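Step one of this worksheet: look at the structure below.
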Amino acid sequence: MNIKDKVAIVTGGGGVLGGNIAKHLVTVGCKVVILDIREENVKNRITELEHIGGDAIGFVSNVLDIDEMKETKQKILDKYQKIDILINAAGGNLPGATLTEEQSIFDMKITDFEKVTALNLNGTIYPCMVFGEAMAEQGSGAIVNISSMATLSAITRVPGYSVAKSGIDIFTKWLAMELGTKFGEKVRVNAIAPGFFIGDQNRKVLINEDGSYTERSKKVLARTPMGRFGNINELNGIVNFLCSESASFITGAIIPVDGGFSSFSGV
C-alpha cells in the first residue's frame, strides 16, 4: 500500500472529491499535482495541502484542452521527471441535464447534455491520453477513473451523467487492455464506482430544507444494505490500494464503493 514519493496528478483537484483524494495522497507522502479549471480553487487547494505539510503544486488546466494539458505535462516532467499516478476526478452535472420529477427526457436542454457528457467522458479520456503517454514511455503508472452507480442500472433524472459514466466503464477496460498489451504489465488502469455520498451537487435532491431525507434518499437507503450514505473519506483506501504495488495484478476493474447498493436487488 506504500505510495510514498509517487508523483500523483489529480484532475478536478480544486473540487470536493478531487480535493479530498489529494489530501489523502499528500498525507501518505505523494507529490501531488492539482489540476483545475478555476485558478482560485487551485490556489486554495495548494495552500491547504501545504498547510498540512504536503509537497504540492498546481496548474490551471482544462481537461478538454489537449494542447494545454501537454504543456502542463512538460512542466510536471521538468519538475519531477516522472508521472506515477493519475486520478481523474474532474466531472459534474448541470441543472439543464438533470430532470425534475415533473420533466421527461424531451424537456432536457441538449446544450447542457452535451456539456455534461463531454466533461465526464472526454474530460477523463483526454487526460489519460496526455498523462498516460508519459506512463507508457516510462513503463509504469496507475490511472484511477471515477465511475458511478448510474452505470449499473437506470437511475432517474440524470441521463447525461449516466451515459458519460457508462462510457468511462468501457474506456477503463479498453485502456487497461491497450496499455497492458502494448506497454507492459506495470501500466494499469482501473476505476472506482462511488455509491451515494451527500455533497454539494446532490444535496438538494437528497436532503430537505429541514434536514430530513427526501423521498429519493429513502429509496437509495432502502437499496443500500449498510443503511447509510457514504463518507467521502471512505473512497481514499481503495484509491490508495489501486495506486500501489498491492494491486499489481489488478487492471481493467471497476470497483464499487457503495455500501452494497450494487449487489442488492431491493427484495
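In this text, all values refer to a predicted model and were calculated from it rather than measured experimentally.
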Can you tell me if [X] uses its side chain to pair, donor with acceptor, with the backbone of [Y] under 3.5 Å?
X	Y	value
Asn190	Gly252	yes
Ser246	Met1	yes
Asp112	Pro95	no
Asp84	Ala8	no
Gln138	Ile83	yes

State plainly whether the residues [X] and [Y] are in salt-bridge range, i.e. N to O under 4.0 Å.
X	Y	answer
Glu137	Lys73	no
Glu71	Lys75	no
Arg45	Glu48	yes

Q.
Starting from Phe197, can I reach Phe264 by hopping between I/L/V/M/F/W/Y residues whose side chains sit under 4.5 Å apart?
A.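 Different clusters.
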
Q.
Who clusters with Met226? Use side-chain heavy atoms, under 4.5 angstrom, across I, L, V, M, F, W and Y, and order the result by chain and number.
A.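 Hydrophobic cluster check, Met226: no partners found.
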
Q.
Side-chain heavy atoms under 4.5 Å apart, restricted to Ile/Leu/Val/Met/Phe/Trp/Tyr: what other residues fall into the cluster of Ile105, or is it alone?
A.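 When side chains under 4.5 Å apart are linked, the cluster holding Ile105 also contains Leu99, Phe106, Met108, Ile110, Phe113.
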
Shortest non-hydrogen contact from [X] toward [Y]:
X	Y	answer
Gln81	Lys79	NE2-O, 3.4 Å
Val158	Ser162	O-OG, 2.7 Å
Ile207	Ser217	N-OG, 4.5 Å

Q | Donor + acceptor pair across side chains of Asn145, Thr124 (<3.5 Å) | A |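 Absent: no donor and acceptor within the cut-off.
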
Q | With sequence neighbours excluded, residues passing salt bridge (charged side-chain N to carboxylate O under 4.0 Å, His left out) with Asp5 | A |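 Once residues adjacent in sequence are excluded, the partners of Asp5 under the salt bridge (charged side-chain N to carboxylate O under 4.0 Å, His left out) criterion are Lys31.
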
